[in-house]
Amino acid sequence: MFSEVEMARDVAICANHLNGQAPHHQILCRLLKDLIHEKACREHGFYLGITALKSIGNNKNNNHDENEDNHQAHILTFPVSFTCRTFLPARGDILQGTVKKVLWNGAFIRSGPLRYAYLSFLKMPDYHYVHSPLSEDEKPYFQKDDLSKIAVGVVVRFGVLAVRFKEKPHKRKNDYYVLATLERNDSFGPISLTGSDEPYM
């Protein structure tokens, strides 16, 4: 689930951004922006934050030809090694998150950086859908006979049944999608009425 992994990647930065500024600071800022834009990878999961900067190598573009495109000649590429805290959802994990939307066939839950955990009504035993078409103010919810509710804003503990990784074009905002379940564990279900669902990055 949560891990700290060592990673290495090339960081490209415009030479003009280094004029009069500390190069390490600018390279680190560029690396952080790249990780935020990428959001996640298949191998390690969501990027939560850089915990240590191991090394920054020399610019790889030292041997540009004088006739090379002017734009390319001003792009510097530095190999960077660092450690990063990550979150990789996996089948069998037990998570908790806040219900963001309720439909007749299930609910969508957000857990930290995981925005898309879908809990089908087929995977919440003994809950039934409640919705009053006569009341515009009352939002739909699922409820058990003991009156416990799964509604928007409620924090729910759930199990991970399946995980799918989706890589976006140009690796911008990659994401994970999870199928959730409340089956086979008495601790699964609503645990609070409110909670924090802010992402880590």
Side-chain angles (χ1 to χ4, degrees), residues 1-9 11 28-29 31-55 80-103 105-127 142 144 148-201:
M1 189 165 17
F2 289 97
S3 303
E4 188 165 308
V5 298
E6 185 165 342
M7 306 178 69
R9 62 169 59 199
V11 177
L28 179 59
C29 287
L31 175 62
L32 284 170
K33 288 180 181 178
D34 289 345
L35 292 179
I36 290 171
H37 288 159
E38 189 175 329
K39 189 178 180 181
C41 68
R42 187 185 302 275
E43 181 180 2
H44 302 299
F46 293 101
Y47 306 124
L48 304 184
I50 295 174
T51 56
L53 188 62
K54 295 286 189 177
S55 65
V80 179
S81 175
F82 60 98
T83 56
C84 183
R85 185 163 172 78
T86 61
F87 168 61
L88 177 62
R91 179 182 173 87
D93 284 348
I94 296 177
L95 305 176
Q96 66 183 51
T98 304
V99 177
K100 306 305 292 184
K101 189 173 185 178
V102 173
L103 303 173
N105 57 351
F108 288 92
I109 303 170
R110 177 172 171 178
S111 177
L114 177 66
R115 295 172 180 264
Y116 304 105
Y118 175 65
L119 176 62
S120 168
F121 75 99
L122 297 173
K123 296 301 178 181
M124 44 175 123
D126 303 323
Y127 283 87
F142 288 90
K144 291 176 71 173
S148 58
K149 289 184 180 181
I150 294 176
V152 172
V154 172
V155 176
V156 176
R157 180 181 291 116
F158 61 93
V160 176
L161 188 63
V163 179
R164 181 169 68 92
F165 175 71
K166 185 174 182 180
E167 185 171 342
K168 303 291 182 64
H170 309 295
K171 294 185 177 181
R172 287 299 185 238
K173 298 297 182 183
N174 296 333
D175 229 325
Y176 277 88
Y177 298 82
V178 160
L179 288 180
T181 181
L182 302 185
E183 295 179 320
R184 295 188 291 276
N185 191 316
D186 292 338
S187 71
F188 290 166
I191 58 176
S192 175
L193 293 179
T194 59
S196 173
D197 59 352
E198 291 302 311
Y200 291 88
M201 287 188 68

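- Annotation: ring-ring contact (aromatic ring centres under 6.0 Å, His included) contacts of Y176 (sequence neighbours excluded): F46, F165.
- Taking the six-membered ring for Trp and thresholds of 30 and 60 degrees, F108 and Y118 have ring planes inclined between 30 and 60 degrees apart.
- Side-chain atoms of S3 and T86 include no donor-acceptor pair closer than 3.5 Å.
- Residue-environment remark: NZ (K101) stays at or below the threshold of 12 foreign heavy atoms within 6.0 Å.
- Panel note: side chain S111, backbone Q96; a donor-acceptor pair is recorded below 3.5 Å.
- Remark: side-chain polar atoms of N174 are not paired, donor with acceptor, to backbone N or O of C41 under 3.5 angstrom.
- To the nearest 0.5 Å, atom CE of residue M124 and atom CG of residue D126 are 12.0 Å apart.
- Here CG of L119 is found 7.0 Å from OG1 of T181. Values are rounded to the nearest 0.5 Å.
- For CZ of R9, the number of neighbouring non-hydrogen atoms (other residues, nucleotides, ligands) closer than 6.0 Å is greater than 12.
- A heavy-atom distance below 4.5 Å is found between the side chains of N185 and I94.
- The OG1 atom of T51 sits 9.5 Å away from atom CD of E6, with the distance rounded to the nearest 0.5 Å.
- Heavy atoms only, all atoms of each residue included: A180 and F158 are closest at CB-CD1, 3.4 Å.
- The minimum heavy-atom distance linking L95 with M1 is given by the pair CD2-SD, 3.2 Å.
- A 6.0 Å sphere centred on NZ of K54 holds no more than 12 heavy atoms belonging to other residues, nucleotides or ligands.
- The minimum heavy-atom distance linking P190 with I150 is given by the pair CD-CG1, 4.2 Å.
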Practice task
Apply the test side chain to side chain contact (heavy atoms under 4.5 Å, CB included) to residues L182 and V156: give CA-CA distance (whole Å), side-chain angles for both, the deciding distance (0.1 Å), then the verdict.
Solution key: CA-CA 9 Å; L182 302 185; V156 176; 4.0 Å; yes
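- Here the CD1-NZ distance, from I36 to K173, works out to 7.0 Å after rounding to the nearest 0.5 Å.
- Side chain of R91 to backbone of L161: a donor-acceptor contact under 3.5 angstrom is found.
- Note that OH of Y47 and CE of M7 are 4.0 Å apart. Values are rounded to the nearest 0.5 Å.
- Residues L28 and I50 are in side-chain contact: their nearest non-hydrogen atoms beyond the backbone lie under 4.5 Å apart.
- Heavy atoms only, all atoms of each residue included: L48 and P113 are closest at CD2-CG, 3.9 Å.
- Heavy-atom minimum distance, G97 versus I109: C-CG2, 3.5 Å.
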Handout entry: Audit row: F188, E183, side chain to side chain contact (heavy atoms under 4.5 Å, CB included) steps and yes/no
Key = CA-CA 8 Å; F188 290 166; E183 295 179 320; over 6 Å; no
Practice task
For F142 and V99, run side chain to side chain contact (heavy atoms under 4.5 Å, CB included): C-alpha distance rounded to whole Å, both residues' side-chain angles, the deciding distance at 0.1 Å, then the answer.
Solution key: CA-CA 11 Å; F142 288 90; V99 177; over 6 Å; no
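- Note that CG of N105 is 7.0 Å distant from CZ of F121, once rounded to the nearest 0.5 Å.
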